[in-house]
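Read through the structure below, which is laid out as C-alpha cells, and then see the notes.
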Amino acid sequence: QVQLVESGGGLVQAGGSLRLSCSASISIFSFLTMGWYRQAPGEQRDLVATITGGGDTNYDDSVKGRFTISRDNAEKTVYLQMNSLKPEDTAVYYCNTYFTKPVWGQGTQVTVSS
C-alpha cells in the first residue's frame with residue numbers, strides 16, 4: 001500500500017515563498033509520475049504540476065515561472081517550490097500518484113495573505 005505524506009504548508013504574505021514536500025512509502029518511487037494538486041474552498045481539485053520518473057515536468061499555466069516541481073528518488077520525496085505567491089494560490093495542496101489506483105496524501109494548507 002502506497003502512502004503519501006505532505007508537509008511544508010503554512011501562512012505567508014503575498015510575494016513570499018514556501019516549499020512543500022511529499023514523502024512516499026513505496027520502493028518503486030523512482031518509476032512513478034508524481035503530481036501536486038490544489039483545492040480552494042468551494043472549488044474543484046486542480047492540477048498544479050507533475051513530474052515523471054525521468055524528470056519531465058508539466059505545469060498549470062497559472063503557476064508557470066513561479067512554481068518548480070522536483071524529486072529526490074533516493075529520498076522518495078517530491079517537492080514543490082512556490083515563489084512569488086499570490087492570494088489566489090491559497091488552497092489545500094495534495095500530493096498524488098497512481099499505483100493500481102489514484103493515491104492521495106492528506107493535504108497541507110497554504111494560505112497567502114494580501
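Residue numbers count from 1 along this sequence. Keep in mind the model is a prediction, meaning the values are calculated, not measured.
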Inset, instruction - Report yes if the side chains of Ser17 and Gln81 come closer than 4.5 Å at any heavy-atom pair, otherwise no. - result: yes
Inset, instruction - With the side chain counted from C-beta on, respond yes when Val48 and Asp60 share a heavy-atom pair under 4.5 Å apart, and no when they do not. - result: no
Legend entry - Expected output: side-chain Arg71 to main-chain Phe29 donor-acceptor under 3.5 Å: yes
Legend entry - Distance in Å, Arg19 CZ paired with Met82 CE, rounded so as to fall on 0.5 Å steps: 11.5 Å
Legend entry - Same apolar cluster: Ile69 and Val103, side chain cutoff 4.5 Å: yes
Legend entry - Side chain Thr111, main chain Leu11, donor-acceptor under 3.5 Å: no
Legend entry - Same apolar cluster (I L V M F W Y, side chains within < 4.5 Å links), Tyr59/Tyr37: no
Inset, instruction - Mind listing the closest non-hydrogen atom pair of Gln106 and Leu4 along with its distance? - result: OE1-O, 3.6 Å
Inset, instruction - Please name the pair of heavy atoms, one in Ala14 and one in Ser114, separated by the smallest distance, quoted to 0.1 Å. - result: CB-CA, 4.4 Å
Inset, instruction - Could you tell me the separation between the CE atom of Met34 and the OG1 atom of Thr57, rounded to the nearest 0.5 Å? - result: 15.0 Å
Legend entry - Non-hydrogen side-chain atoms of Asp89 and Arg66 separated by less than 4.5 Å: yes
Inset, instruction - Show your reasoning for whether side chain to side chain contact (heavy atoms under 4.5 Å, CB included) applies to Thr68 and Tyr79. - result: CA-CA 8 Å; Thr68 302; Tyr79 303 98; over 6 Å; no
Legend entry - Note: Asp61-Lys64 ion pair, threshold 4.0 Å (strictly below): yes
Inset, instruction - Decide whether Thr77 and Asp72 meet the rule of one side-chain donor and one side-chain acceptor closer than 3.5 Å. - result: no
Legend entry - Sidechain-backbone polar pair: Glu6 side chain, Leu20 backbone, donor-acceptor under 3.5 Å: no
Legend entry - Path from Val5 to Val78 over hydrophobic side-chain contacts below 4.5 Å: no
Legend entry - Close aromatic pair by centroid cut-off 6.0 Å: Trp36 and Phe67: no
Inset, instruction - Indicate yes or no for a side-chain donor-acceptor contact from Tyr98 to the backbone of Thr100 under 3.5 Å, with no hydrogens or angles considered. - result: yes
Legend entry - Student check: side-chain heavy atoms of Asn58 and Leu47 closer than 4.5 Å: yes
Inset, instruction - Establish, from distance only, whether the side-chain atoms of Glu88 and Thr90 form a donor-acceptor pair under 3.5 Å. - result: no
Inset, instruction - Report whether Val92 and Leu85 are members of the same hydrophobic cluster (ILVMFWY, side-chain heavy atoms less than 4.5 Å apart, transitive linking). - result: no
Inset, instruction - Answer yes or no: is there a side-chain heavy-atom contact under 4.5 Å between Val110 and Leu18? - result: yes
Legend entry - Under 3.5 Å side-chain donor-acceptor pair for Ser62 and Arg38: yes
Legend entry - Shortest non-hydrogen contact from Thr108 toward Gly9: OG1-N, 3.2 Å
Legend entry - Heavy-atom pair with the smallest gap, counting every atom of Gly105 and Tyr94: O-CD2, 3.6 Å
Inset, instruction - Using the rule that two of Ile, Leu, Val, Met, Phe, Trp, Tyr join whenever any of their side-chain heavy atoms come within less than 4.5 Å, decide whether Ile28 and Val2 are in one cluster. - result: yes
Inset, instruction - Taking Thr97 for its side chain and Thr33 for its backbone only, find out whether a donor-acceptor pair lies under 3.5 Å. - result: yes
